[in-house]
Amino acid sequence: MTVLKTSLRNFLAHKGRMALSAIAVLLSVAFVCGTLVFTDTMNTTFDKLFQVTSSDVTVSAKGASDTGETTSDTGKPPVLPAAVVGKIERAPGVKSAEGTVFSTSVTVVDGDKEKLSPTSGAPTIVGNWNANDARTMKITTGAAPRGSGQIMVDADTAKKHHLKLGDDIGVITAVGTHQARVSGIATFTVTNPGAAIFYLDTRTAQQALVGRTGVFTNVNVTADAGVTDARLKRDVSTALGTGYKVQTAKEVADANQQDVKSFLDVMRYAMLGFAGIAFLVGIFLIINTFSMLVAQRTREIGLMRAIGSSRRQVNRSVLIEALLLGVVGSVLGVGAGVGIAVGLMKLMGQIGMHLSTDDLTVAWTTPVAGVVLGVVVTVLAAYLPARRAGKISPMAALRDAGAPADARAGVIRAVIGLVLTGAGAASLAAAAASDHATTGSAWLGLGIVLSLIGFVVIGPLLASGVVRVLGAIVLRVFGPVGRMAERNALRNPRRTGATGAALMIGLALVACLSVVGSSMVASATDQLDKTVGADFIVQSDNGSVITPQAVDALKSTPGLERVTEYKVLPVTMTTPDGKVSKNESLNAADPSYAEDLRTKTVQGDLADAYGADSMSVFAGFAKDHGIELGSRVDVAFQGGRTAKLTVRAITSDDVVVDKGAMYVSIATAKKYVPADRMPLDVLFFATAKEGQQDAAYKALKASLHDYPQYTVRDQTDYKQALKDQIGQLLNLIYGLLALAIIVAVLGVVNTLALSVVERTREIGLMRAIGLSRRQLRRMIRLESVVIALFGALLGLGLGMGWGATAQKLLALQGLKVLDIPWPTIITVFIASAFVGLFAALIPAFRAGRMNVLSAIATE
């Protein structure tokens with residue numbers, strides 16, 4: 001009980017010094033709990049939505065996917081004949097059956113040809129208004145659509161795009177463009193996760209989405225009272241026979257939820273990973289805090305030992321303080337985590353994914369996990385300082401405050417750090433020299449872990465040298481004040497090393513990802529320059545196929561020398577070794593594609609693969625199946641006949657564009673696939689006549705004005721789009737890493753604040769002999785800057801090494817250009833100096849306000 005009282009008294013006495021460490025624990029726990037609450041809430045939202053929107057039993061075509069995405073490579077959804085509804089109605093246990101038709105392979109535009117699709121990645125759905133939808137939506141303005149000239153829109157989409165009754169809407173599908181006017185607006189009675197939904201009457205929906213009436217994509221079946229879904233499914237399946245997909249409400253909901261779950265799992269684990277990084281950085285802050293508190297209380301602890309306290313009691317006293325810190329920080333972190341989750345929900349609402357706080361889900365495991373994790377991490381981080389406190393002897397009561405450094409421990413630490421760093425460097429070298437991506441990735445992961453730990457352990461040794469160099473470059477220009485700042489940073493290399501290491505971790509990851517992202521863009525750009533011979537690429541950004549009407553518009557564009565069609569055909573292959581490869585695909589294109597994409601071959605000429613009954617395979621496939629030039633492959637085209645194709649070219653695996661593609665000519669494909677089963681084009685290549693590139697570019701955009709679902713890009717546009725995609729991903733990652741960097745900044749603030757307290761008497765003496773408040777504040781700011789630059793230098797150097805090694809592995813996938821983004825690296829390094837200045841503001845201000853006489857009198 002005495003130990004507990006002592007610990008509580010010490011904790012309350014130093015609550016100001018503990019505050020920043022508590023904030024670090026709070027932030028880390030908040031991020032973990034916020035992630036769990038946010039993803040659990042999204043799961044709850046989608047669970048409710050799928051349960052409410054699913055009928056008792058759903059019948060769909062055999063080729064329909066489990067998740068409701070029914071669009072095939074023809075751009076039209078698989079359908080059922082309308083007669084199926086009658087068969088189902090006559091089945092036992094059926095109360096009602098209603099045919100529905102919908103598609104997600106659509107683009108909807110307003111009267112100005114502006115897309116009305118969600119920006120959150122959620123689907124755009126067009127279907128017929130039916131009784132099942134009426135369960136989850138209420139018409140709040142206007143009326144349901146009647147006739148081909150009317151369409152109804154969901155309220156969220158109407159609000160976002162300022163749609164009102166009578167506004168013109170265009171529905172663009174593989175069939176063509178259907179024009180209608182808004183007749184009504186329907187509001188969700190459940191949470192809308194962000195989809196844009198449009199309703200037509202049944203006949204119009206059939207014609208606009210499928211191209212003919214008398215068909216449905218699904219049939220929603222409602223059971224009689226007392227009939228279970230499982231029994232209803234069995235009876236409906238018996239009535240229909242084979243050739244149909246019959247699913248219960250639970251099966252449909254589970255299939256939809258599984259698709260969402262995959263996305264949520266990626267989000268959850270990624271965010272928890274960044275929370276783990278923040279925890280790791282927080283560990284250094286906590287270690288520093290308790291190490292400095294123990295050092296400052298050396299005489300106090302020595303007196304406790306002198307009057308009878310055992311090592312175990314002293315050790316336990318420090319750990320109880322850490323326990324109190326962990327509990328306070330974790331409990332506050334759990335509450336902050338719920339706030340973060342609500343904030344994320346509001347943020348998702350800004351980008352179109354609406355989540356209601358009514359569905360806020362806080363499982364009992366979330367606060368428990370947050371508190372346990374925060375407490376365990378805090379106590380473990382305080383273990384080493386507590387152990388050092390227990391070693392303080394009673395004689396320390398007769399010495400000045402501050403525990404003497406253990407020289408032997410410093411040597412052992414340096415040796416261990418050098419060994420770990422060397423092992424990490426060797427692992428990175430092994431990764432760079434690896435010929436296989438899987439093996440290389442394992443070596444890379446090991447190298448990152450070992451080199452990171454090695455740099456952390458060896459930090460004090462590095463601090464002694466690096467800070468001197470930085471001091472000579474940055475601090476000496478400030479005269480005596482700069483030299484004092486340098487000596488203060490060197491006074492305790494262990495503390496400086498730990499503080500710099502906290503910043504090092506976040507910046508190492510930033511540098512690594514910057515190098516990888518920049519190298520990917522540079523490599524892809526280099527490949528595009530070397531391989532793409534066409535001037536323009538036309539495709540849909542959402543993966544939609546190109547309609548025949550758009551194809552005609554493309555081909556009639558003036559100023560073009562050639563236009564190349566490009567299709568993807570699903571096939572099953574039987575190779576010469578007798579193996580059957582299902583779910584393969586052939587890329588069918590015009591012969592001019594050999595000029596549009598200059599793909600390297602290891603054998604043969606790619607142009608020959610576009611001859612009659614000819615094809616190409618990629619080198620890996622050829623090696624796995626014993627294929628050589630002249631080999632015959634049996635190719636069963638989906639929806640068509642089986643062909644015997646001769647391999648005329650084997651393409652290199654060492655490419656980026658169309659990696660792993662197998663080619664055949666469209667003419668050959670048409671011999672074996674009926675016209676009505678031939679997939680539509682997925683993209684087009686176009687080449688302008690000599691000297692007419694600019695005019696052709698404008699003409700192409702004009703030709704596709706009525707088809708806003710497609711984008712025309714020249715090579716410059718394509719490179720920029722690629723750069724933007726990678727840049728958006730990196731910006732998201734940088735945003736998540738910001739949490740770790742914030743915690744690291746708190747570590748610098750905490751170190752300086754405790755250092756100021758530790759040097760109170762020294763500061764008073766310097767002020768007494770003439771050091772001004774301004775000079776004192778500058779000295780502390782410069783000390784902070786050099787510590788921040790030390791951490792930045794280590795982090796950026798380590799991160800660039802990781803990134804360069806990762807690029808060597810990417811080179812195995814064809815991304816061979818190493819590009820160091822020096823502007824980013826230099827900007828981050830300079831920004832680190834400003835981080836140091838910011839971190840020193842409060843400690844410098846407090847130091848400047850000290851009373852000189854009181855400071856000198858401090859024990």
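Side chains included, hydrogens not; waters and symmetry mates left out as well; all remaining heavy atoms used.
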Give the table of side-chain donor-acceptor pairs shorter than 3.5 Å for residues 431-439, with sequence neighbours excluded, one pair per line with atom names and distance.
unit_1, atom_1, unit_2, atom_2, d
Ser434, OG, His436, N, 3.2
Ser434, OG, His436, O, 2.9
Ser434, OG, Gly440, N, 3.3

Report task. Would you mind listing every ring pair (Phe, Tyr, Trp, His ring centres under 6.0 Å) that reaches into residues 504-537, with sequence neighbours excluded? Result -> Phe536-Tyr697
Query raised in the report: Closest heavy-atom contact between Ala806 and Val516?
Result: CB-CG2, 3.8 Å
**Report entry** Student check: side-chain heavy atoms of Leu503 and Ile741 closer than 4.5 Å
**Finding:** yes
Query raised in the report: Within the distance-only criterion (no hydrogens, no angle test), does the side chain of Ser519 pair as donor or acceptor with the backbone N or O of Leu818 below 3.5 angstrom?
Result: no
Report task. State whether Lys719 and Asp529 are salt-bridged, where the test is any N-O pair (Lys NZ or Arg NE/NH1/NH2 against Asp/Glu carboxylate O) under 4.0 Å. Result -> yes
Requested in this report: Could you tell me whether the side chain of Asp526 and the main chain of Ala522 form a donor-acceptor pair under 3.5 Å?
Outcome: no
Query raised in the report: Is it true that a side-chain atom of Asp714 and a backbone atom of Thr716 form a donor plus acceptor pair closer than 3.5 Å?
Result: yes
Report task. Test side chain to side chain contact (heavy atoms under 4.5 Å, CB included) on Leu683 and Val538 and set out the steps. Result -> CA-CA 6 Å; Leu683 59 84; Val538 181; over 6 Å; no
Report all side-chain donor-acceptor pairs from residues 268-277 shorter than 3.5 Å, counting only partners two or more places apart or in another chain.
unit_1, atom_1, unit_2, atom_2, d
Arg268, NE, Thr39, OG1, 3.0
Arg268, NH2, Thr39, OG1, 2.8
Arg268, NH2, Asp40, OD1, 2.6

Query raised in the report: Short question: side chain of Gln715, backbone of Val532 - any donor-acceptor pair under 3.5 Å?
Result: yes
Query raised in the report: At their closest point, which heavy atom of Lys115 faces which heavy atom of Thr107, and how far apart are they?
Result: CG-CG2, 4.2 Å
Query raised in the report: If you measure only the distance, is there a donor-acceptor pair under 3.5 Å linking the side chains of Thr124 and Ser117?
Result: yes
Requested in this report: Show your working on side chain to side chain contact (heavy atoms under 4.5 Å, CB included) between Val467 and Thr496 and close with a plain yes or no.
Outcome: CA-CA 9 Å; Val467 168; Thr496 300; 4.2 Å; yes
Query - Backbone N/O of Lys530 and side chain of Arg598: donor-acceptor pair under 3.5 Å - result: yes
Report summary line: Nearest heavy-atom contact between Val712 and Asp717 is O-OD2, 4.1 Å
**Report entry** OH (Tyr734) with more than 12 external heavy atoms under 6.0 Å
**Finding:** yes
Query raised in the report: Distance-only, no hydrogens or angles: does the Tyr710 side chain make a donor-acceptor pair with backbone N or O of Val545 under 3.5 Å?
Result: yes
Report summary line: Output for pair (Ile733 CD1, Leu509 CG), nearest 0.5 Å, gives 9.5 Å
**Report entry** Qualifying residues under salt bridge (charged side-chain N to carboxylate O under 4.0 Å, His left out), relative to Lys816, sequence neighbours excluded
**Finding:** Asp654
Query raised in the report: Can you tell me how far CD1 of Ile825 sits from CG of Leu507, rounded to the nearest 0.5 angstrom?
Result: 9.5 Å
Requested in this report: Working to the nearest 0.5 Å, report the span between CG of Leu452 and CD1 of Ile448.
Outcome: 9.0 Å
Query raised in the report: Looking at CD1 of Ile473 and CG of Leu789, how far apart are the two atoms once the value is rounded to the nearest 0.5 Å?
Result: 10.0 Å
Query raised in the report: Does any non-hydrogen side-chain atom of Met662 lie less than 4.5 Å from one of Asn587?
Result: no
Report task. Please report the shortest heavy-atom distance between Phe790 and Gly459, naming the atom on each side. Result -> CZ-O, 3.8 Å
Requested in this report: Return the minimal non-hydrogen interatomic distance between Leu428 and Ser451, and the atom names on each side.
Outcome: CD1-OG, 4.4 Å
Report task. With sequence neighbours left out, write down each residue that passes salt bridge (charged side-chain N to carboxylate O under 4.0 Å, His left out) with Asp694, or none if nothing qualifies. Result -> none
Query raised in the report: Quick one: OG on Ser592 to CG on Leu597, what's the gap to the nearest 0.5 Å?
Result: 11.5 Å
Query raised in the report: Do we see a donor-acceptor contact under 3.5 Å between the side chains of Asp535 and Thr687?
Result: no
Requested in this report: Could you walk me through whether Met504 and Leu793 pass the side chain to side chain contact (heavy atoms under 4.5 Å, CB included) test, one step at a time?
Outcome: CA-CA 8 Å; Met504 176 190 75; Leu793 195 62; over 6 Å; no
Query raised in the report: Are the aromatic ring centres of Tyr566 and Phe684 under 6.0 angstrom apart?
Result: no
Query raised in the report: Heavy-atom distance under 4.5 Å between the side chains of Gln720 and Arg713, does that happen here?
Result: no
Report task. Using atom types as modelled and distance alone, determine if a side-chain donor or acceptor of Asp653 lies under 3.5 Å from a backbone N or O of Gly620. Result -> yes
Query raised in the report: Does the Thr564 side chain pair with the main chain of Asp590, one donor and one acceptor, at a distance under 3.5 Å?
Result: no
Query - Steps toward side chain to side chain contact (heavy atoms under 4.5 Å, CB included) verdict (Ile726, Leu730) - result: CA-CA 6 Å; Ile726 295 176; Leu730 288 179; 4.1 Å; yes
Query raised in the report: Considering only heavy atoms from C-beta outward, does the side chain of Met520 approach that of Gln807 to under 4.5 Å?
Result: no
Query - 4.5 Å side-chain heavy-atom contact, Leu560 and Val563 - result: yes
Requested in this report: Determine the minimum heavy-atom distance between Phe618 and Thr651, stating which atoms define it.
Outcome: CA-OG1, 3.3 Å
Report task. Using a 4.5 Å cut-off on heavy atoms from C-beta on, say whether the side chain of Ser518 contacts that of Ile820. Result -> no
Report task. Evaluate whether atom NZ of Lys723 has more than 12 neighbouring non-hydrogen atoms of other residues, nucleotides or ligands under 6.0 angstrom away. Result -> no
Query - salt bridge (charged side-chain N to carboxylate O under 4.0 Å, His left out) partners of Glu584, counting only residues at least two apart - result: none
Query raised in the report: Would you say Phe829 has more than 12 foreign heavy atoms packed within less than 6.0 Å of its CZ?
Result: yes
Report task. Report yes if the side chains of Thr601 and Ile650 come closer than 4.5 Å at any heavy-atom pair, otherwise no. Result -> no
Query raised in the report: Out of curiosity, Ile742 CD1 to Ser28 OG, how far, rounded to the nearest 0.5 Å?
Result: 11.0 Å
Report task. Check whether any side-chain heavy atom of Ile458 lies under 4.5 Å from a side-chain heavy atom of Leu418, and answer yes or no. Result -> yes
